[in-house]
Amino acid sequence: MEEVVYRIVSEFEIHHSLLENPNSSTPISESVLLDLQTLLDYTSNTKDPIDIDCLFDELSSKNLSVSILVRTISSAMDSGPTHIGLLASKVYLSLLLCPNAPVFTLFTPMAFLSLLRSIRRSFKKPNSGTVGHLSSQHRARRKKGGGRGGQLRNRSQNVQDGENESEERVFDVRVLFSVLERLELVLCLIHLDRFPDSLKSLVQAVAEIPVMAIELCGNSGNYGKLCHLCSRVLSEVLKAEHGDQSITAAEVLKSLSPSILFLKSQARDFALGFIVNKMMVMTKDSSEIKKAIVNLPKYLVQKAPERSEPRASAVESIMEIVKVMEFGDQVGFAEYVVKMSQGKAQLRLLAVDLVPMLIMSLRDPLGVNTESGVENSWGLRCLEALIRRCSDVIAGIRARALTTLAQCVGFLSDDDRSQTVLKEVMGFGNEGTNSVEGGITDILRQRCMDEKAAVRKAALLLVSKLMALLGGALDGVLLAAMGMACSDPLVSIRKAAVSALSEAFRTFSYDNVTKEWLHSVPRLISDNESSIQEECETMFLELVLDRVSRAGSTYVPHEESVFSDPNGKLKDLESKIDLLYPEGVLGLLKEICDGEVTPWVKKICTSLGKKKRLKAKIATALQNIIRTSEFLWLSHSMPIEKWTAPPGAWFLLSEVSAFLSKAVDWEFLHHHWQLLDKYGPEGELKSPLQNGDLDEEVMGIESHSVAWAGDRVFLLQTISNVSVELPPEPAADLAHNLLKRIEEFDMHATEVNAHVRALRTLCKRKALNPEEANSLVMKWVGQLLSKATGILEMYMSKDTEAYKDSSVLTPLSGTRKAKKAAIKLPTLVSQAITAVYTIGSLVIVSPSADLKTIIPVLHTIITSGSSDLEFSNLLGPAVSVKQRVPSLYIQAWLTMGKICLADGKLAKRYIPLFVQELEKSDCAALRNNIVVMMADFCVRYTALIDCYISKITKCLRDPCELVRRQTFILLSRLLQRDYVKWRGVLFLRFLLSLVDESEKIRQLADFFFGNILKAKAPLLAYNSFVEAIFVLNDCNAHTGHSNTQSLRTENQLFSLRGNDEMSRSKRMHIYVSLLKQMAPEHLLATFAKVCAEILASASDGALSIEDTTGKSVLQDAFQILSCKEIRIPSNRGSSSESAGMDEESGESGEASAARGRIITQAVKKGLIQNTIPIFIELKRLLESKNSPLTGSLMECLRVLLKDYKNEIDDILVADKQLQKELIYDMQKYDSMKMKSTAAEAVATMQRSDTYRSPGEPKAVSGRNSQNKFTEKLHGSSKVASAMADAVAEATARSVLREVNLGASTPPLCAMSVPKLKPTTGRTLSQGDQAAAVLESLRRRQSFESDEE
């Protein structure tokens, strides 16, 4: 071996002498690599390191470092031919494995990357161009040769000259076996945790080997062994010695994902086999690897292809992985699929494909065999998501959803228990309810009439599968449609819907009919059309009040023998009461109490009472219903303390009694007042949030307690309404009783208000004159305020002592006195909360009451825990009431707000404190209360609040839906009443409510912008449109200066910045909503403003197209200019739509046509003179910078000019190239559209011919289909020509098929249309900052607008 060592050292010595640049290297010859490999193999076999040690010693004696050896071998791996590169790789790995080798000196990341590159290059086909280029370079280098080192250069040149011959050799994949085997051994020796880039490159390279080797491996045996070696390498990499297993596993899975998503192939089988058989075994010992595998299916669905066949293969691969996961992880993925069904179109389609696979592959999808039950089953949510996709906006998704739903129904119908659940999901249960909005019956009705043939076919398939489940379920689709029609924009349709729905309610007394009528008709009392309001009142009087009057016209105490049943049960009693009152009267009264119906019922009763249309018999009937319910309860020996009147009876009586006071019996009221006042349900919560700060018993309050308290409130309201009719002595007794009850401070908040209002009404109505009434009110108000203040002071002192004892001394439970205090403290807390609320109610009743002793106590509470105290005469040290008793803290703020409404000087001092608390509070209930108070302040102290409107509007982005909705409603009312002006950023911040997460807020915003704002400020949308584009994208280019950090954070809060699909769709929804509010002339002006202020700014450089926000603004501008809402063609809208709009506007057809002609001329003139020159300049700028927005610009131009194809030569006279490109794009678009229309028409004709009735002649059927599609295509000659070609093609195929006895003819042509994927951006997170200092705000003298 000495000769071999000598040759190797001599070669490296020549290389070293040649290297003038230390950073360069020249590849060595194949013979030297073979000698080196021979030496390494000999050392490895003999286990004797003497020879290799001799090599290192010789190199050292020649002043040759080991790094020279590594660099030379790396150069061979990089620059040499394939076989030399692999030989060098084998040498390098063997060198690392030899005994006594300096491993850490030999191993470098660059050399390791060269190794991986050589493995990759071995699978690539030879490139002749590259070979010729290299040969020419070496020929040029040979001309400059000479001097020292010529022998080596010639030898190297011979190697390079033979490169072409070497590359032509047939590559034997078995050469890689030894390389991969040595690579695995090296990984056992060298841990890559210190070289993350090398580890990542290794994983990527090994994962690509099975894909690249498919074509090169001659037989399956070699390929199988190669995959086995790759699997061993990847398994070694996944060990903990090589770094964080979670990161490594994620990289391995990411690299294998392309193979997994392949069509069925050996590489796909390898990737799935490695994950299922290898990595799943590792999950038993590694939670990090398990987590990575659990997330893999979610990653694959994001990378799944769009086309059907690759997508189906991807779904199959995903399911192979999901099947081997644990059940909990499978359920988690099913939940993720449900969320996917609400995402983008591609994800929705993939979710539709995955749902049936999950249901049919995993165990117990509907949870019929589990303890969690059906309601919590993942399969139920999957089915609901699938039913929703049956109404998807994309026809392909609708068809696929219907087909897969049919598969699921067929699979689940085999099991009886699953079939029962399936009936409920589909809406075919015993109660006929629909679990999914719209119901499957409604979906099927719509889909069976769908315009797409595939959807209709899939719907028929689903109907056939559902036949066994239909049973006798009630179809409520028509009923729901009538209810929706009551909100139609057209007056005539609303009237017809009210008439039809009222007729159904008059005929049927089913619960679903009653509910639909009450939720659809009474709300029309606020309709803009007076005739509809009158119709609503008439129908309510006839169908509700008169029906209740008929049912309760008699009282039945003499029928005691009929109903007496001492052993009866509660359900029997309820059924007997229902039988006693037919026509569903009790259900009607119960539904009236619904929170969505109650406001409209109040308005209707008030309107009917003012018009004197209420009759006394309705009050009598309601009293009889309450009496009868009580009598039947007692006749069944039921305890009276558990009795409550039928829901809704007391509420309706309290509303009508304001106008029918003489029809209400005082004895009746007195009896039930004593009954409700004397008895209370067990465990009743009399005080708001009693003990709520010390335990959670509040959450367990029974509905019976709530109903009992509600009845008392409505009874008190009724007593107040009829108090003028009360005798003097009963009135005095009642007033004394009310005052006594209030003084106990143990009632619910609603009861406190009712008691205070009733007591005030009694005093005012029974006093001889107003002065006497005021003195009586002031007397008991002062008495109650004094007692409430005493309770608060007692609580504050006791709480302070308890806090000191618990934090400084011994615990409260340590002594008898402490235990006593601990027992009394919750009761004192409850009384303190009620006392604070009572103070607020008393201030509303008597604003002039003396509050000097109360304000310091309230100030102590609301500033507890803060060092910014203003009063020096406080009651001891401040106790953090906010943390200890949050209910008291919230009530204190509410009461202070009521006091500020009565005292302007106090309000001026405390309003900044309210604003500060609004910004920093983490309690949604408190923020909601403060927003309401600020709205009241705005009415009372408009000038004081004007400067804080921008801070109040920040609640429009509050995390709590209730706060957002409350803020929107209150600000809308203030704007309508002109207490707040549309100045500054107010309008722009309101826009985000159009795309709020809450559906209710979106509906309110749509109504506000589409009805109220359109009539009150018709120019607002036009004036603020361009600014809205910049603000929603968080772009400051229109202002010309950058904002401060605080203002920038606030602007981000009210922006929809980002180029992702969700942000763009939200912004576009806002733009479309604004455009719909504009008149045609304003649309023209908006079109011009967008071109002048955005497109022209971009072409001039004022708007940077390289900035993210600038790109978003420009892309939004393109979408706006090409959307249909901003275009005003002369034939805008269909005939039916035009007729409907004419009905509302009253404009004649001639005037509309004349205006259309003028608008068309104006649009054309604006395009030629203003728009097109800007587009030409902008196109040149975008092309010079290779901007991706060029495609958006061309698409926008195509849409703009498609109606001016004949004039396109004149419009684009300044840019002939652009003219040619647009003409080509338009022709291609029209051709594709005509072919698709013709193909659809032919398919429909063939379907109608196939499914015609047996007795119908073929010629008649063909004529009918041809006539129908002739009308559909509107006589278009081009489409008709394309359709004729398609028909002729189909006929020729049919004839040839018959001639060839069924042999099908290949298609004439096939067209492939590429799809463009939208780019996604990132959305910046939004933040918030603290408010200004209270002291500076308090001393502020002038209140200016925030408009600047």
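Counting only distance, with no hydrogens or angles, the side chain of Lys1016 and the backbone of Gln976 share a donor-acceptor pair below 3.5 Å. The main-chain N or O of Gly609 is never found under 3.5 Å from a side-chain atom of Arg613 such that the two would form a donor-acceptor pair. With Trp600 contributing its side chain and Glu596 its backbone, the two residues share a donor-acceptor pair below 3.5 Å. Between the Ser657 side chain and the Val664 main chain, no donor and acceptor come within less than 3.5 Å of each other. Using modelled atom types, no side-chain atom of Ser607 and backbone atom of Lys603 make a donor-acceptor pair closer than 3.5 Å. Side chain of Ser654 to main chain of Gln717: no donor-acceptor pair is present (N/O by atom type, distance under 3.5 Å, no hydrogens or angles). His755 places a side-chain N or O within 3.5 Å of a backbone atom of Glu751 that can act as its donor or acceptor partner.
Side-chain atoms of Ser998 and Arg964, non-hydrogen and from C-beta on, do get closer than 4.5 Å to each other. Leu589 is not listed as a side-chain neighbour of Pro647, based on a closest heavy-atom distance of 4.5 Å or more. With contacts defined as side-chain heavy-atom distances shorter than 4.5 Å, the pair Leu974/Cys938 qualifies. You'll find the side chain of Ile742 reaches within 4.5 Å of the side chain of Val756, heavy atoms only. The closest side-chain heavy-atom distance from Asn928 to Cys960 is not below 4.5 Å. Between Asn769 and Glu772 the shortest side-chain heavy-atom distance falls below 4.5 Å. The closest side-chain heavy-atom distance from Val843 to Thr895 is not below 4.5 Å.
A salt bridge is defined here as a Lys NZ or Arg NE, NH1 or NH2 lying under 4.0 Å from an Asp or Glu carboxylate O, and Lys611 with Glu537 meets this definition. For Asp665 and Arg627, the salt-bridge test passes: some basic side-chain N is under 4.0 Å from an acidic carboxylate O. Using a cut-off of 4.0 Å between Lys/Arg side-chain N and Asp/Glu carboxylate O, Glu961 and Lys1000 are scored as not salt-bridged. Between Lys740 and Glu744, none of the side-chain N atoms (NZ, or NE/NH1/NH2) sits under 4.0 Å from a carboxylate O, so this pair counts as no salt bridge.
Within 6.0 Å of NZ on Lys662 lie no more than 12 heavy atoms contributed by other residues, nucleotides or ligands. Crowding of Asp511 atom CG: a count of heavy atoms from other residues, nucleotides or ligands under 6.0 Å not exceeding 12. Atom NZ of Lys898 sits in a crowded spot, with more than 12 heavy atoms from other residues, nucleotides or ligands closer than 6.0 Å.
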Please tabulate, one pair per line, all N/O donor-acceptor pairs under 3.5 Å involving side-chain atoms of residues 778-785, not counting sequence neighbours.
{"residue": "Trp780", "atom": "NE1", "partner": "Leu776", "partner atom": "O", "Å": "3.4"}
{"residue": "Gln783", "atom": "NE2", "partner": "Glu743", "partner atom": "OE2", "Å": "2.5"}

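Of the inter-residue distances, the one linking Asp527 atom CG with Ile532 atom CD1 reads 4.0 Å to the nearest 0.5 angstrom.
A cation-pi arrangement, defined by a distance under 6.0 Å to the six-membered ring centre and an angle within 45 degrees of its axis, is absent between Arg973 and Phe968. In this structure, Lys602 forms no cation-pi arrangement with Phe651, as its terminal cationic atom is not both closer than 6.0 Å to the ring centre and no more than 45° off the ring axis.
Closest heavy-atom contact between Leu543 and Leu588: O-CD2, 4.1 Å. Taking each heavy atom of Ala663 and Ala616 in turn, the nearest pair found is CB-CB, 3.8 Å. Shortest non-hydrogen contact noted between Cys605 and Leu652 is SG-CD1, 4.1 Å. Taking each heavy atom of Leu545 and Leu614 in turn, the nearest pair found is CD1-CD2, 3.6 Å. Taking each heavy atom of Thr761 and Ser720 in turn, the nearest pair found is CG2-O, 3.5 Å.
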Inset, instruction - Let me see the working for Ser629 and Trp643 under side chain to side chain contact (heavy atoms under 4.5 Å, CB included), right down to the final yes or no. - result: CA-CA 9 Å; Ser629 173; Trp643 169 79; 3.0 Å; yes

Legend entry - Stepwise side chain to side chain contact (heavy atoms under 4.5 Å, CB included) test for Asn721 and Ser661: CA-CA 6 Å; Asn721 293 334; Ser661 58; 5.8 Å; no

Inset, instruction - Begin from the C-alpha positions of Asp936 and Arg940 and carry the test side chain to side chain contact (heavy atoms under 4.5 Å, CB included) through to its verdict. - result: CA-CA 6 Å; Asp936 293 336; Arg940 185 69 61 88; over 6 Å; no

Inset, instruction - Please assess Glu542 against Arg506 for the test salt bridge (Lys or Arg N to Asp or Glu O under 4.0 Å), listing each intermediate value before the final yes or no. - result: CA-CA 9 Å; Glu542 175 190 351; Arg506 186 181 295 110; 2.9 Å; yes

Legend entry - Derivation and outcome, side chain to side chain contact (heavy atoms under 4.5 Å, CB included), residues Leu518 and Asp594: CA-CA 9 Å; Leu518 286 173; Asp594 189 279; over 6 Å; no

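Here the two rings, on Trp517 and Phe505, have centers that are under 6.0 Å apart. The six-membered or imidazole ring of Trp673 lies away from that of Phe714, with a centre-to-centre distance of 6.0 Å or more.
Partners of His736 according to the ring-ring contact (aromatic ring centres under 6.0 Å, His included) rule, which considers only residues two or more places apart in sequence or in another chain, do not exist here. Under the rule for a ring-ring contact (aromatic ring centres under 6.0 Å, His included), Phe540 has no partner lying at least two apart in sequence or in another chain.
Checking Glu667, Glu630, Arg712 one by one against His672, the side-chain hydrogen bond (donor to acceptor under 3.5 Å, both in side chains) holds for a single residue, Glu630. Here the options are Asp746, Leu842, Thr838, the test is side chain to side chain contact (heavy atoms under 4.5 Å, CB included), and the partner is Val752; only Thr838 passes.
If you check the side chains of Ser841 and Asn753, you find a donor sitting under 3.5 Å from an acceptor.
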